[in-house]
Amino acid sequence: MLLLDGKIASQSVKESLIIETKELIAKGKRKPHLAAVLIGNNGASETYVASKVKFCGEIGFTSTLVRFENNIAEKELLAKIEELNTDDKIDGILVQLPLPKHISEANVINSINPDKDVDGFHPVSVGRLVQGLDTFIPATPYGIMLLLEHFQLTTKGKHAVVIGRSNIVGRPMSILLSSNIPYGNCTVTICHSHTPDLKEITLQADIIIAALGRPEFVKGDMVKEGAIVIDVGITRVDDASAAKGYRIKGDVDFKEVSKVAGAASPVPGGVGLMTIAGLMKNTLAAYNRRNP
Ligand code: NAP
């Protein structure tokens with residue numbers, strides 16, 4: 001089985017971003033600049049944002065971390081986003097999700113300048129994705145496309161089954177895989193919590209994208225011999241024997257699935273790393289758009 005190692009694939013994206021950033025600096029241009037907004041002190045969100053800020057430093061981007069308490073008023077958050085929208089030195093804005101319950105996710109996403117929407121969640125970005133126009137692809141599906149590209153996996157004409165239909169992973173993933181683009185051109189089935197007989201469907205899949213947030217949900221007997229299995233899931237599962245008191249589990253039972261799959265991505269060390277790579281590629285694209 002081919003291990004779809006996100007460490008290797010993201011390192012390769014990182015190296016190309018380092019070269020591109022050095023070229024910009026050599027031309028006397030400023031560095032690309034990502035602003036990350038973090039609200040509250042959710043442990044997972046803190047970790048994600050810290051990884052993004054670290055990656056920026058490693059590739060030579062500038063980053064600004066804007067932190068707010070959990071009880072920040074929506075109005076105050078929107079005012080800060082507007083400030084970042086109009087700041088010429090900021091190329092990309094990401095607001096780490098999930099947000100506190102009293103803040104409307106839709107209002108926040110809609111308030112980001114579409115030219116700086118490096119998470120690709122704004123309706124303008126989504127509409128452009130659907131129409132096959134140049135856009136910011138949501139970072140996780142983008143990262144998965146980069147993973148497929150790195151390992152040069154053939155997707156054309158294949159049956160892809162995407163489990164999960166969220167706006168940030170499943171739905172954009174299904175659009176990309178069905179699009180007439182490199183590493184697309186699949187016939188796509190999208191499944192969700194109302195899909196009956198899921199196993200019958202996954203057994204027909206040449207490619208499975210598991211993005212449902214249910215630890216080790218995809219078992220070996222749900223996978224066709226030789227299939228490509230991409231695990232998007234990240235769930236913290238309590239484990240007293242682990243140093244942190246929890247372990248990160250994916251949506252795929254890797255031990256079982258690796259015995260039947262032709263290729264599979266691990267968790268951790270798979271899609272999570274590629275998501276950051278996708279975000280950084282979007283940030284550079286935003287910079288290039290704004291500084292032609
Ligand atoms: P989400 O918004 O909760 O969506 C989950 C989707 O899975 C929904 O469409 C849901 O169906 C479907 N689903 C739930 N249980 C199911 C079942 N038993 N059978 C079939 N479908 C089922 O989650 P998300 O934001 O897409 O994230 C999914 C997972 O990916 C989570 O573990 C998350 O932490 C992880 N994630 C990882 C990255 C990364 O960088 N690796 C990035 C983002 C998310 P309904 O629509 O019917 O409810």
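The first residue of the sequence shown is numbered 1, and numbering continues consecutively from there. Whatever order the structure lists ligands and atoms in, that order sets their numbers, starting from 1. Excluded from the calculations below are hydrogen atoms, water molecules and symmetry mates; all remaining heavy atoms, backbone and side chain alike, are included.
Here Asp134 does not pair with Arg128 in a salt bridge; the nearest charged N to carboxylate O distance is not below 4.0 Å. With respect to the salt-bridge test (charged N to carboxylate O, under 4.0 angstrom), the residues Asp91 and Arg290 qualify.
Closer than 4.0 angstrom to ligand 1 by heavy atom are Thr140, Ile163, Gly164, Arg165, Ser166, Ile168, Val169, His192, Ser193, His194, Ala211, Leu212, Gly213, Arg214, Phe217, Val232, Gly233, Ile234, Thr235, Val271, Gly272, Thr275, sorted by chain and number.
There is a side-chain donor-acceptor pair under 3.5 Å between Asn107 and Glu74. Under the 3.5 Å distance criterion, with hydrogens and angles disregarded, a donor-acceptor pair is assigned to the side chains of His33 and Thr64.
Residue Arg165 qualifies as enclosed at atom CZ: its count of foreign heavy atoms under 6.0 Å is above 12.
The salt bridge (Lys or Arg N to Asp or Glu O under 4.0 Å) test applied to Lys54 returns Glu58, not counting sequence neighbours.
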